[in-house]
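In what follows, a structure is listed as structure tokens, so that the remarks can point back to it.
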Amino acid sequence: MPSITAIIVAAGKGTRMQAEVPKQYLLLKDKPILARTLQVFDSSPLVNNIILVVSPGDEDYCRRKIIEPYNFQKVSKVIPGGLERQESVYNGLHALPNDCTYVVVHDGVRPFLTLSLLEQVIKAARELGAAVAAVPVKDTIKIAGPDGYVESTPERKRIWAVQTPQVFRRDLIVSAYKKAFTKGIVATDDSTLVEEAGFKVKLILGDYQNIKITTWEDFWLAETILERRQTCDRV
Ligand SMILES: Nc1ccn([C@@H]2O[C@H](COP(=O)(O)OP(=O)(O)OP(=O)(O)O)[C@@H](O)[C@H]2O)c(=O)n1
Ligand SMILES: C[C@](O)(CO)[C@H](O)COP(=O)(O)O
């Protein structure tokens, strides 16, 4: 069996949300968003260990308020992140255990990942080297020119909104990040760097409920998703 490490990035400031605390620590019902996310990985039989990447200075807070109270067993390291998400992931890659063969990268603020989707993305990455969750877009997308006029309208059926988890063979993601670092390539997700390094990445049908909590609208939607899930669990 491969050894699989999950890097959970939670070192963001939440500037678009402007909450009183960084959004990963906000309570969704009675539980911090980050704890809900970690719960999925801690309970997955496929994940061997978790590296939690947090804002420099938040390490103890996370141990005391998130890891200990919820008794997470698989968080092997809590490490400081960087100014951008990409740096935070890079720090996580430097902290991988020696025996790790596959890396799962996931946003700390995507708490509705299901075990089933996680399993599907890992399975595909084990077969193909690199796989990411994504959903077909529902809106029509326009490419804007610098003047604010429409430049082009790409064919919707080829456009996917990418999510996390993003799963890679260790050597692929490590070499992609090293190359990006050397060449100064900046991207908003991990797949882009792996693509830029010349590797093929498989899209796996994700889940529209696997939202990233970015703004208050997402938070309100998250409350509704949670309510519906809890109602479904009760019936
Ligand atoms: N320097 C950073 C920036 C982001 N993240 C993490 O990457 C995920 C996705 O980022 P995003 O939603 O953009 O979070 P923030 O950076 O906190 O939000 P904003 O861009 O609004 O400041 C989050 O779990 C966030 O904590 C990180 O680990 N390190
Ligand atoms: C990685 C990601 O969640 C995929 O959708 C997204 O690109 C993160 O972007 P952000 O600007 O850091 O929110």
Side-chain angles (χ1 to χ4, degrees), residues 6-26 28 32-41 50-59 61-62 65-66 75 77-95 103-113 117-118 121 125 130-139 141 159-168 173 176-177 180-181 185-196 201-219 221-222:
I7 297 176
I8 307 297
V9 283
K13 300 252 173 298
T15 42
R16 284 171 286 185
M17 189 131 166
Q18 291 291 323
E20 65 277 13
V21 290
K23 59 192 179 181
Q24 54 273 31
Y25 305 133
L26 283 178
L28 195 48
I33 291 172
L34 180 57
R36 291 187 180 279
T37 304
L38 287 170
Q39 181 65 53
V40 180
F41 290 85
I50 300 168
I51 295 173
L52 177 60
V53 187
V54 301
S55 291
D58 279 4
E59 297 89 335
Y61 173 86
C62 281
K65 299 286 184 187
I66 309 269
V75 182
K77 289 182 188 165
V78 183
I79 62 162
L83 285 180
E84 301 296 336
R85 182 185 183 281
Q86 189 171 326
E87 283 177 62
S88 296
V89 175
Y90 201 34
N91 290 0
L93 293 175
H94 280 111
V103 180
V104 181
V105 184
H106 189 70
D107 297 323
V109 293
R110 278 191 200 267
F112 296 120
L113 172 63
L117 178 57
L118 175 60
V121 186
V132 300
V135 286
V137 297
K138 298 180 195 171
D139 292 319
I141 304 296
I159 302 180
W160 293 66
V162 76
Q163 307 181 332
T164 62
Q166 304 198 350
V167 186
F168 310 95
I173 186 168
Y177 263 81
F181 187 76
I185 302 170
V186 178
T188 51
D189 79 332
D190 316 291
S191 175
T192 304
L193 303 183
V194 173
E195 295 154 38
E196 288 285 329
V201 179
K202 177 75 175 170
L203 295 174
I204 300 298
L205 182 62
D207 179 354
Y208 287 104
Q209 291 186 21
N210 179 27
I211 61 167
K212 179 163 76 67
I213 300 175
T214 308
T215 62
W216 281 107
E217 288 79 6
D218 301 317
F219 185 82
L221 177 60

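We count ligands from 1, going down the list as the structure has it; atoms in each ligand are counted the same way. Just so we're clear, the structure is a prediction, and the values are computed from it rather than from any experiment.
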For atom 8 (C) of ligand 2, the protein heavy atom that lies nearest, with its residue and separation: Thr188 O, 3.5 Å
Ligand 2 contacted by Arg16 (non-hydrogen, < 4.0 Å): yes
More than 12 heavy atoms from other groups under 6.0 Å of OH on Tyr208: yes
Ligand-side contact atoms (ligand 1) for residue partner Gly108, heavy atom cut-off under 4.0 Å: 24 (O)
Heavy-atom proximity to atom 18 (O) of ligand 1, best of Lys13, Lys23, Met17: Lys23
Donor-acceptor pair, side chain of Ser88 and main chain of Gly81, under 3.5 angstrom: no
Sub-3.5 Å N/O-N/O distance, Arg110 and ligand 2: yes
Nearest protein heavy atom with distance in Å, relative to atom 22 (O) of ligand 1: Thr15 OG1, 2.5 Å
Options Val109, Ile7, Thr215, Asn91, ranked by nearest heavy atom to atom 23 (C) of ligand 1, top entry: Val109
From Arg85, Arg16, Glu87 - option closest to atom 13 (O) of ligand 1 by heavy atom: Arg16
Close side-chain approach of Tyr25 and Ile66, heavy atoms under 4.5 Å: yes
Leu113 side chain near Pro165 side chain, heavy-atom distance below 4.5 Å: yes
Heteroatom proximity flag, Leu83 to ligand 1, N/O under 3.5 Å: yes
Check: Gln163 and Val121 side chains under 4.5 Å, non-hydrogen atoms: no
Element-labelled atoms of ligand 2 that are located less than 4.0 Å from some non-hydrogen atom of Asp189: 1 (C), 7 (O)
Nearest-contact summary for atom 16 (O) of ligand 1 - protein heavy atom, Å: Gly12 CA, 3.7 Å
Nearest non-hydrogen protein atom, atom 28 (O) of ligand 1: Ala11 N, 2.8 Å
Asp107 heavy atom under 4.0 Å from ligand 2: yes
Distance from atom 4 (C) of ligand 2 to nearest protein heavy atom, with residue and atom: Val162 O, 3.4 Å
Whether Tyr177 and Tyr90 hold their rings parallel, tilted or perpendicular, with breakpoints at 30° and 60°: parallel
Part of Ser88 within contact of ligand 1 (heavy atoms, under 4.0 Å): side chain
Test item: Thr215 and Met17 side chains (from C-beta on) under 4.5 Å apart, heavy atoms: no
Residue, atom name and distance, where the atom is the protein heavy atom closest to atom 8 (C) of ligand 1: Asp107 OD1, 3.4 Å
Ala11 backbone acceptor or donor facing Ser55 side chain under 3.5 Å: yes
Close approach of Gly82 to ligand 1, heavy atoms, under 4.0 angstrom: yes
Distance flag for atom 20 (O) of ligand 1, protein heavy atom under 4.0 Å: yes
Closest approach of any protein heavy atom to atom 12 (O) of ligand 2, naming residue and atom: Arg85 CD, 3.7 Å
Distance from atom 24 (O) of ligand 1 to nearest protein heavy atom, with residue and atom: Val9 O, 2.8 Å
Over 12 non-hydrogen atoms of neighbours within 6.0 angstrom of NZ in Lys212: yes
Residue, atom name and distance, where the atom is the protein heavy atom closest to atom 13 (O) of ligand 2: Lys212 NZ, 2.3 Å
Taking atom 15 (P) of ligand 1 as the reference point, the nearest protein heavy atom with its distance: Gly14 N, 3.7 Å
Note, Leu221 side chain near Trp216 side chain (heavy atom, < 4.5 Å): no
Salt-bridge criterion met for Asp218 and Lys23 (N-O under 4.0 Å): no
Note, Val137 side chain near Trp160 side chain (heavy atom, < 4.5 Å): no
Test: Arg85 and Asp189 ion pair at under 4.0 Å: no
